[in-house]
Amino acid sequence: YERERERFETAAPEIPFFGDPSQRQKFYNTGYISEYRVGLFDQLFFNASIRHDDNSQFDNRVTHRLSASYTPNYLTTTFHASYGTGVKNPGFVELFGFITEDFIGNPDLKPEKSEGWEAGVTHEFSDNFEVSATYFSEDLEDEINGFFDLGGGFSTAVNLEGKSNRKGVELTFNANLFPSFDLTGAYSYTDSTQPDSTGRTTEIRVPGNTASLIGNYRFLSNKANLNLKINYVGDQFDNDFGVSPSARDSLHDYTLVNIAGRYQINNWITLEARIENLLNTSYQDIVGYETQGINAHIGVNFQNNL
């Protein structure tokens with residue numbers, strides 16, 4: 001059982017032709033959740049869950065999730081699959097706007113509804129090396145476009161007609177190359193589309209390719225640790241609202257390198273340091289919003305174990 005209350009208040013001047021955006025709203029949601037899990041012969045595992053939500057603002061909803069895994073050789077190889085549905089309600093800002101005069105709330109928005117499934121396999125070649133591959137597909141109905149251009153410098157949120165779709169594959173590996181060094185890697189390809197006035201287009205802010213590589217080295221009898229993380233984010237699209245009418249723009253791919261380390265002086269004091277964006281890469285995840293360049297942090301962690 002879950003009970004949630006949200007409250008939203010704004011105070012703003014009246015907008016010509018659109019009325020008074022000042023709001024004082026309360027939402028209530030009561031959720032009832034049930035889950036069942038079973039394992040058979042230490043090889044076959046099932047999980048089923050169902051949730052019913054009573055919402056004061058939107059229609060009541062029932063969502064569910066089913067998953068299963070099977071290991072024919074006791075965890076050396078594991079096949080897994082899952083299917084589920086979900087609902088995401090509009091936020092207060094999307095429904096009622098906010099203080100600035102250029103975004104108008106849309107109280108007629110409907111919740112987003114999703115349905116998706118995935119299937120994959122994990123194989124452990126040895127105690128020190130494991131790989132995994134997963135294919136996924138998800139449909140999103142009534143996707144909320146939070147920046148629909150109304151003209152005249154105004155925008156609002158609307159539900160897109162039709163379904164948005166994401167599908168792709170994820171590949172990962174974990175390797176313990178020697179007792180003090182671990183290496184983890186991941187790659188994801190995502191093909192995402194959404195409906196628009198021309199038919200279908202690539203979804204914004206969803207890169208087609210992402211990858212990461214993490215190396216972790218422990219030394220000095222595990223008192224010291226050095227961590228290196230490399231993240232790659234491929235090309236993606238975003239809407240540029242710095243021009244009128246708004247236009248679709250492309251964001252270039254980028255690679256981020258972060259390094260961190262720590263040294264445990266004793267049972268109470270640990271020195272920590274990290275450098276983020278080591279290569280001082282210039283990049284954007286949202287058109288017009290620059291991100292931080294190289295930055296460094298150092299600190300002392302004190303813990304009383306008494």
Side-chain angles (χ1 to χ4, degrees), residues 88 90-94 97-106 112 114 136 138 140 143-160 164-172 184-215 227-260 273-298:
K88 180 179 181 299
F92 283 110
V93 170
E94 294 167 330
F98 48 77
I99 294 177
T100 58
E101 298 183 1
D102 56 356
F103 186 86
I104 310 301
N106 181 0
E112 297 178 335
S114 64
F136 62 89
E138 181 182 36
L140 183 63
E143 180 179 3
I144 295 175
N145 179 351
F147 297 98
F148 181 77
D149 195 346
L150 293 173
F154 294 100
S155 62
T156 190
V158 297
N159 292 108
L160 298 178
S164 302
N165 176 262
R166 292 183 184 180
K167 56 184 178 181
V169 63
E170 295 178 345
L171 306 174
T172 65
T184 302
Y187 168 77
S188 177
Y189 169 75
T190 304
D191 178 17
S192 61
T193 60
Q194 65 183 45
D196 72 351
S197 58
T198 62
R200 299 195 68 81
T201 186
T202 302
E203 197 169 13
I204 64 170
R205 300 179 188 171
V206 180
N209 297 278
T210 59
S212 66
L213 186 66
I214 303 173
N227 183 277
L228 177 68
K229 184 174 183 179
I230 303 174
N231 278 338
Y232 170 79
V233 177
D235 297 334
Q236 56 185 312
F237 295 96
D238 194 14
N239 290 330
D240 184 359
F241 292 95
V243 297
S244 184
S246 61
R248 172 163 289 218
D249 200 358
S250 60
L251 299 174
H252 297 298
D253 64 332
Y254 61 87
T255 300
L256 294 181
V257 179
N258 301 328
I259 188 170
R274 71 181 189 273
I275 301 177
E276 298 177 347
N277 195 0
L278 181 65
L279 303 181
N280 199 28
T281 301
S282 178
Y283 67 99
Q284 292 184 352
D285 287 318
I286 301 175
V287 169
Y289 288 83
E290 291 292 343
T291 47
Q292 277 194 326
I294 184 173
N295 57 96
H297 308 259
I298 188 169

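Just so it is clear, the model here is predicted, and its values are computed rather than measured.
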Taking all non-hydrogen atoms of both residues, which atom of [X] and which atom of [Y] are closest, and how far apart?
X	Y	result
Thr190	Phe136	OG1-CZ, 3.8 Å
Gln236	Asp285	NE2-OD1, 3.8 Å
Ala157	Asn106	O-ND2, 2.8 Å
Thr172	Ala186	CG2-CB, 3.9 Å
Asp235	Asp253	OD1-N, 2.8 Å
Glu138	Ser114	OE2-CB, 3.6 Å

Legend entry - Validation row: Val158, Thr156 side chains within 4.5 angstrom (heavy atoms): yes
Legend entry - Min side-chain heavy-atom separation Ile230-Thr255 under 4.5 Å: yes
Inset, instruction - Any salt bridge (Lys or Arg N to Asp or Glu O under 4.0 Å) involving residues 201-212? Give me the pairs, sequence neighbours left out, ordered by first then second residue. - result: Arg166-Glu203, Arg205-Asp238
What distance separates [X] [atom1] from [Y] [atom2], expressed to the nearest 0.5 Å?
X	Y	atom1	atom2	result
Asn231	Leu213	CG	CG	9.5 Å
Ile214	Lys229	CD1	NZ	4.5 Å
Phe237	Ser192	CZ	OG	10.0 Å
Asn277	Asn258	CG	CG	7.0 Å
Ile298	Arg274	CD1	CZ	11.5 Å
Asn295	Glu276	CG	CD	5.0 Å

Legend entry - CA sep, side-chain torsions, deciding dist, call: Leu160, Gln194, side-chain contact (heavy atoms from CB on, under 4.5 Å): CA-CA 8 Å; Leu160 298 178; Gln194 65 183 45; 4.1 Å; yes
Inset, instruction - Check side chain to side chain contact (heavy atoms under 4.5 Å, CB included) between Thr291 and all other residues, then give those that pass, not counting sequence neighbours. - result: Tyr283
Inset, instruction - Quick one: list whatever passes side chain to side chain contact (heavy atoms under 4.5 Å, CB included) with Phe92, sequence neighbours left out. - result: Glu6, Phe8, Gln25, Phe27, Phe96
Inset, instruction - Step through the shown structure and confirm whether more than 12 heavy atoms of other residues, nucleotides or ligands are within 6.0 Å of CD on Gln292. - result: no
Inset, instruction - Please report the C-alpha distance between Thr201 and Arg248 in whole Å, then the side-chain angles of each, then the deciding distance to 0.1 Å, and finally whether the side chain to side chain donor-acceptor pair (under 3.5 Å) criterion is met. - result: CA-CA 11 Å; Thr201 186; Arg248 172 163 289 218; 3.2 Å; yes
Inset, instruction - Might you work through the side-chain contact (heavy atoms from CB on, under 4.5 Å) test for Lys88 and Ile144, ending with a clear yes or no? - result: CA-CA 10 Å; Lys88 180 179 181 299; Ile144 295 175; 5.9 Å; no
Inset, instruction - Evaluate the side-chain contact (heavy atoms from CB on, under 4.5 Å) criterion for residues Thr193 and Asp191: first the C-alpha distance (whole Å), next the side-chain angles of each, then the deciding distance (0.1 Å), finally the verdict. - result: CA-CA 7 Å; Thr193 60; Asp191 178 17; 4.2 Å; yes
Inset, instruction - Might you work through the side-chain contact (heavy atoms from CB on, under 4.5 Å) test for Tyr187 and Asn209, ending with a clear yes or no? - result: CA-CA 7 Å; Tyr187 168 77; Asn209 297 278; 2.4 Å; yes
Inset, instruction - Please check if the side chain of Glu143 supplies one atom and the backbone of Leu140 the other of a donor-acceptor pair under 3.5 Å. - result: no
